[in-house]
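What follows is a single structure, written as structure tokens, with notes after it.
Predicted model only: the values in this text are computed from it and were never measured. Note on naming: letters A, B, ... go to the chains in the order of the sequence lines (proteins, then strands), and numbering restarts at 1 for each one.
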Amino acid sequence: MKIPPVKGTRDFYPPDMAIRNFIVDGWKKVSLRNGFEEYDGPIFEYLKMYQIKSGDEIVEQLFSLTDRGGRDLALRPEITPTLARMVNQQINALPKPIKWFSVPRLFRAERPQKGRLREFFQWNIDIIGVDQPLVDAEIIFTTVDYLRNVGLAPKDVKVKISSRKLLAAVLKSYGVPDEKLESLYVVLDKKGKLPADTFEQMLAEQVPDKETLAKISEFMQIDSIPELGELIDAGSEEFAAYNEIKEVLATLETMGVGDFCIYDPGIVRGLAYYTGIVFEVHDAVGDLRAICGGGRYDNLLRDFGGPAISATGMGMGDCVLEILLKEKGLLDQQVPKRQIDYFVACIGDIGNEAWRIIAKLRSMGYSANISYKTGGLSKQLKEASAQNANKCIIIGEEELKESKIGIKDMATGEQELVGRDEFFSGLDSAVVGTE
RNA sequence: GUGAGAGUAGCUCAGUUGGUUAGAGCACCGGAUUGUGGAUCCGGGGGUCGCGGGUUCGAAUCCCGUCUUUCACCCCA
């Protein structure tokens, strides 16, 4: 009986696994060089953990289960609640600032489509306990550092930065009541995803007052910091938020990634989670969903029973990223292909000599393979080629008699005959992985 | 939850007035080649034409149902 793969999951055959490792290894490398420490948690948690800050719709999109003790559990759809739980548990003992990253495997029971699956990996970076805008810039810099590292340029991707705090203050100053903010966010978030006239129409439905509508429209159309500065009164509440964005952008400019970053009032982001600077990275063409998103969240730790400590972070999934890297042709050159150091080929009856040699090579930290079939030398060389062997060691009865081995360089085709012991003593035994 | 498309070999796909034993390229395995690889040539394996029902002398092909899948909407932590 043939059993198909589960909807929304992926099988990682060796070439796919190479791509996944390339992406994940890059995330980890960049996290470490930006000063983050790695953490992880369990792959399932109590179901109620995901009900704390989420609406019904999101809870419906969980893979949930009941264990034999009757506990209601769910496969993690995100790692931030786990992070909040872990940090809260040891809040007083942890050295500050908390600057952590993780690459969790996540599960969401959504309908799969382009760039969205039910099982995926997501790079998360968070800095907890510092409320300065400089730290938002750190998160964004680390994000760009990765994108740059895999070969994406400002012409390929843009970091669109905005501020929930600014938006809230501006809307309030226009007379929008607090209880209307949430529903207005939902509409404002669609700017850039909808045609301009459709967007204006939806906005008009939310804002009956013509004068207020005109002001909001004007604000949403400003996409330059100096222009924004002219609109905002110094000393007002929104001025402080404006200064934060300005500082973040200036810091990113100083750090050399200004070309990637722009102010975009259309970035609002999903739920009521975010409280300050927010950002998303999009492909320049704009035909993919967001590559990543993040921002400042002030209340999350408190909502999970901890102290009111400010935090800021970013999450990047592997699905959209992989599509983009493929489209840009950045994977072929960078993803390492299968490669082994030595392939041992034998001719005729040489007893156990080949196995002795291959074991020696492996114990010295070199990758080595041998053919499991009895075939001619031609066949074995073909197999060595197929496995992308760097060098081939050739041993026949003649070589065995003289305690020698043939070493063939598979790239150049050149071959030399050397003494076996001489060969091993000449090898650099300080290879990574050596015992 | 709503809507549109697609299911033929491992992959990409041909395959119409409905008619022998369902094809190609790539991939895989083998041979040419039991002491020299990547190329080339030759050969081979691999299919319940998604599944079920119907129409018909006869269905990959027409009709109905169903499942799977892709894309979009909703949502997107």
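- Taking atom C1' in both G31(B) and C13(B), the straight-line distance is 29 Å, to the nearest Å.
- Atom CD1 of Ile52(A) and atom C1' of A77(B) are 13 Å apart (whole Å).
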Can you build the contact string for nucleotides 28-37 of chain B? Use B for base contact, S for sugar-phosphate-only contact, and - for no protein heavy atom under 4.0 Å. --SS-BSBBB

Scoring nucleotides 66-73 of chain B by protein non-hydrogen atoms under 4.0 Å (B base, S sugar-phosphate only, - none) yields ---S-SSB

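- Base pairing of U55(B): no nucleotide in any strand meets the Watson-Crick or G-U wobble criterion (both distances under 3.5 Å).
- With sequence neighbours left out, the side chain to side chain donor-acceptor pair (under 3.5 Å) criterion links Glu327(A) to no other residue.
- When heavy atoms are screened at a 4.0 angstrom cut-off, Glu110(A) is found touching base atoms of the nucleic acid.
- Lys190(A) comes within 4.0 angstrom of the backbone, heavy atoms only, and of no base.
- In this structure, A4(B) forms a base pair with U70(B), meeting either the Watson-Crick or the G-U wobble geometry with both donor-acceptor distances under 3.5 Å.
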Throw together a table of side-chain donor-acceptor distances under 3.5 angstrom for residues 197-206 of chain A, partners on residues two or more places apart or in other chains.
unit_1	atom_1	unit_2	atom_2	d
Glu200(A)	OE1	Ser217(A)	OG	2.9
Gln206(A)	OE1	Ser183(A)	OG	3.4

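- A side-chain donor-acceptor contact under 3.5 Å links Asn124(A) and Gln122(A).
- In a base pair of the Watson-Crick type (N1 to N3 plus N6-O4 or O6-N4) or a G-U wobble (N1-O2 and O6-N3), with each distance short of 3.5 Å, G23(B) is matched with C13(B).
- Between the P atoms of U20(B) and A60(B), the separation comes to 10 Å (whole Å).
- In this structure, CD1 of Ile58(A) is placed 15 Å from P of C74(B), rounded to the nearest angstrom.
- Atoms CG (Leu300(A)) and P (A77(B)) sit 13 Å apart, rounded to a whole Å.
- Side chains of Phe424(A) and Asp421(A) form no contact here, defined as non-hydrogen atoms less than 4.5 Å apart.
- Remark: P of A77(B) and CZ of Phe120(A) are 10 Å apart, rounded to the nearest angstrom.
- Across the protein-nucleic acid pair, Ile291(A) atom CD1 and C76(B) atom C1' stand 16 Å apart, rounded to whole Å.
- For the P atoms, the distance from U61(B) to C42(B) is 35 Å, rounded to whole Å.
- With a cut-off of 3.5 Å on both Watson-Crick or G-U wobble distances, the partner of G38(B) is given as none.
- Residues meeting the salt bridge (charged side-chain N to carboxylate O under 4.0 Å, His left out) test with Lys326(A), sequence neighbours left out: Glu322(A).
- Rounded to an integer number of Å, the gap from Gln51(A) CD to A77(B) C1' is 14 Å.
- Between the side chains of Thr275(A) and Asp298(A), at least one donor N or O sits under 3.5 Å from an acceptor N or O.
- Protein atom CG of Asp189(A) is 11 Å distant from nucleotide atom C1' of C75(B), rounded to whole Å.
- For Glu383(A), the side chain to side chain donor-acceptor pair (under 3.5 Å) partners two or more places apart in sequence, or in a different chain, are Ser371(A).
- Comparing the P positions of A9(B) and A24(B) gives an interatomic distance of 14 Å, to the nearest angstrom.
- Taking the P atom of each, A22(B) and C64(B) are spaced 27 Å apart, rounded to whole Å.
- Comparing the same atom, P, in C74(B) and in U16(B) gives a spacing of 40 Å after rounding to whole Å.
- Legend: side chain to side chain donor-acceptor pair (under 3.5 Å) pairs involving residues 329-339 of chain A, not counting sequence neighbours: none detected.
- Considering only residues two or more places apart in sequence or on other chains, Glu110(A) meets the salt bridge (charged side-chain N to carboxylate O under 4.0 Å, His left out) condition with Arg116(A).
- Among residue pairs with one or both ends in residues 70-88 of chain A, those qualifying as side chain to side chain donor-acceptor pair (under 3.5 Å) are Asp40(A)-Arg76(A), Glu45(A)-Thr82(A), Glu45(A)-Arg85(A), Lys53(A)-Glu78(A), Thr66(A)-Asp72(A), Asp67(A)-Arg71(A), Arg85(A)-Gln89(A); sequence neighbours excluded.
- The P atoms of U48(B) and C11(B) are separated by 13 Å, rounded to the nearest whole Å.
- Nucleotide G44(B) forms a Watson-Crick or G-U wobble pair with C28(B), both donor-acceptor distances falling under 3.5 Å.
- When rounded to the nearest whole Å, the span between CD of Glu60(A) and P of A77(B) equals 17 Å.
- Look at the P atom in both U21(B) and A4(B): the space between them is 39 Å, to the nearest Å.
- Using a 4.5 Å heavy-atom cutoff, the side chains of Leu117(A) and Lys7(A) are not in contact.
- Contact of Arg269(A) with A77(B) (side chain to base): no donor-acceptor pair of N or O atoms is detected under 3.5 Å.
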